[in-house]
Amino acid sequence: MTAGRTLEQELKAAVDAVGGGAPEIAQTATADGLVDVAYAVHDSPVGSLLLAATPRGLVRVAYLDGPGDAQVLEELARRVSPRVLRAPRRLDEDRRQLEQYFAGKRQVFEVPIDWRLCAGFGRRVLSATARIPFGSLSTYKQVATEAGSPRGSRAAGNALGANPMPIVVPCHRVVHSSGGLGGYTGGLHRKRVLLGVEGHEVTAVV
Amino acid sequence: MTLPPFQQLLDAHGSDVFRFLVATVGRGDADDCYQETWISALRAYPRLRDDSNLRGWILTVAHRKALDQLRAASRRAEPIGDALDRAAIGGVEAPFAASDGLPEVWASVRSLPSKQRTAIALRFLTGSSHAEIAAVMHTSEEAARRNVHEGLKRLRREYRNDSR
């Protein structure tokens, strides 16, 4: 049974049989109020999304082919709290509303939002953006004006590019006044899909 | 200093912690000890001032939970006087050493004296160095080395019937 193997080798060889199937801790941690940032990965028609929420509300939506989840989670650890845990059930309602949106069954997201990653002018631009109704379009100049800086189109563009909650804060509804599509944090192909969900025929717009 | 997202620790060390607990407290209590380990680590995490050895830190928490568990179990298993006597000597023994579905060699590890058992589990389940074992068990590196050595010697004798 043990011929030819040292005791040390035998101990090491049996490691996998000792453990496995460690229990989940997310549920207990949530119940104890110890999860400052809960996150889940959600598959959508515009690719994998990382959704993160604090007890106050949704705080981050990230396209995962961009920065990658490690970088997004490190940023959340640094800017919100290092108590970051994968706790998908905490995001169930957010995920359900996203699914309804992509299925054409929801026009307004009704989830609490935690705005703590947005400040100053950027926050004002994103608040103005959040008020653009489903199916409507606005321009960089218009949201800059609403944010209190009529000549700040470029800065507004930067603030929208840094939107921590794309889709839910609908920066895809902001386009150039010239009629051009402008830019998008997740790439223009996604902006087209999102505008398509909202009934725009965008292949012609570009 | 920026602490990494807690989930990163859980992903990197969760299975080591679980195996360590299965080997030290047994399968029956490993689930509870595992939860308690991570919950108490999560509670303390934002106040952590040194992130240079997070693996050592979490294994230390697991080691403390295992000792608590074994103390509680030995209190349940024997008259209080005996438990106090034992505590006075400083050893915490496993109250029983059922095979517990463990591979035979690891079931034998469970019957070792507590310090040897812990040292062997850290060494061979989590791949810890003698210095890391010393840090987790709050002993000198020499004592860690001795605990591993004595544990192996006893296993050779009692499990393998080998007198070398």
Side-chain angles (χ1 to χ4, degrees), chain A residues 1-41 50 52 54 59-60 62 67-88 90, chain B residues 1-11 13-23 27 30-48 51 100-109 120-121 123-127 148 151-153 155-156 159-160 162 164:
Chain A
M1 168 181 69
T2 58
R5 279 204 299 190
T6 66
L7 178 59
E8 288 90 331
Q9 284 168 338
E10 194 182 346
L11 285 164
K12 282 181 191 161
V15 160
D16 286 337
V18 172
E24 286 293 321
I25 68 154
Q27 211 172 327
T28 316
T30 305
D32 288 1
L34 293 173
V35 183
D36 296 338
V37 180
Y39 75 92
V41 172
L50 186 144
T54 70
V59 76
R60 186 80 169 94
D69 62 343
Q71 199 181 322
V72 175
L73 296 174
E74 273 160 27
E75 192 198 346
L76 288 165
R78 191 175 64 246
R79 296 182 65 186
V80 182
S81 160
R83 282 182 185 149
V84 178
L85 221 55
R86 187 166 51 235
R90 171 69 188 73
Chain B
M1 183 187 86
T2 309
L3 291 166
F6 194 78
Q7 184 68 45
Q8 219 175 70
L9 268 68
L10 193 54
D11 291 342
H13 310 304
S15 54
D16 272 0
V17 167
F18 190 60
R19 286 196 191 107
F20 170 74
L21 289 169
V22 170
R27 260 196 223 291
D31 278 17
D32 282 352
C33 274
Y34 180 86
Q35 292 268 353
E36 284 171 24
T37 295
W38 286 103
I39 293 298
S40 112
L42 184 57
R43 206 178 286 283
Y45 191 53
R47 297 188 303 277
L48 205 61
D51 66 348
D100 216 8
L102 286 171
E104 212 183 329
V105 65
W106 280 103
S108 316
V109 171
I120 296 270
R123 181 79 174 144
F124 295 101
L125 285 179
T126 75
V148 173
L152 286 174
K153 205 161 97 182
L155 282 177
R156 280 198 195 94
Y159 163 67
R160 282 199 157 181
D162 185 345
R164 271 178 302 174

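Just so you know, these numbers use all the heavy atoms, side chains as well, and skip hydrogens, waters and symmetry mates.
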> Between the side chain of A/R90 and the main-chain N/O of A/T54, is any donor-acceptor distance below 3.5 Å?
Replying inline: yes
> What part of A/E24 lies closer than 4.5 angstrom to a heavy atom of chain B: side chain, backbone, both or neither?
Replying inline: backbone
> Judged by atom type as modelled, is there a donor-acceptor pair below 3.5 Å linking the side chain of A/R5 to the main-chain atoms of A/L11?
Replying inline: no
>> Which residues pass the ring pair (Phe, Tyr, Trp, His ring centres under 6.0 Å) test with B/F6, not counting sequence neighbours?
In response: B/W38, B/Y45
>> Just so I understand: if I count every heavy-atom pair under 4.5 Å between each of B/L155, B/L42, B/T2 and chain A, which residue has the most?
In response: B/L42
> Taking B/I39, B/L10, B/L48 one by one, which has the highest count of heavy-atom pairs under 4.5 Å against chain A?
Replying inline: B/I39
>> Strictly distance-based, threshold 3.5 Å: is any side-chain N or O of A/R83 a donor or acceptor partner for the main-chain N or O of B/R43?
In response: yes
> Can A/E75 and A/V80 be said to form a side-chain contact (heavy atoms from CB on, under 4.5 Å), step by step?
Replying inline: CA-CA 8 Å; A/E75 192 198 346; A/V80 182; over 6 Å; no
> Where the side chain of B/Q8 meets the backbone of B/P5, is there a donor-acceptor pair that is under 3.5 Å apart?
Replying inline: no
>> Quick check on B/P4 against chain A: is it the side chain, the backbone, both or neither that has a heavy atom closer than 4.5 Å?
In response: backbone
> In terms of heavy-atom proximity below 4.5 Å to chain A, should B/D11 be classed as side chain, backbone, both, or neither?
Replying inline: side chain
>> Looking at chain A, which one of B/V17, B/D31, B/V109 has the largest number of heavy-atom pairs inside 4.5 Å, strictly under?
In response: B/D31
>> Heavy-atom pairs under 4.5 Å with chain A - which of B/V105, B/L21, B/L3 has more of them than the others?
In response: B/V105
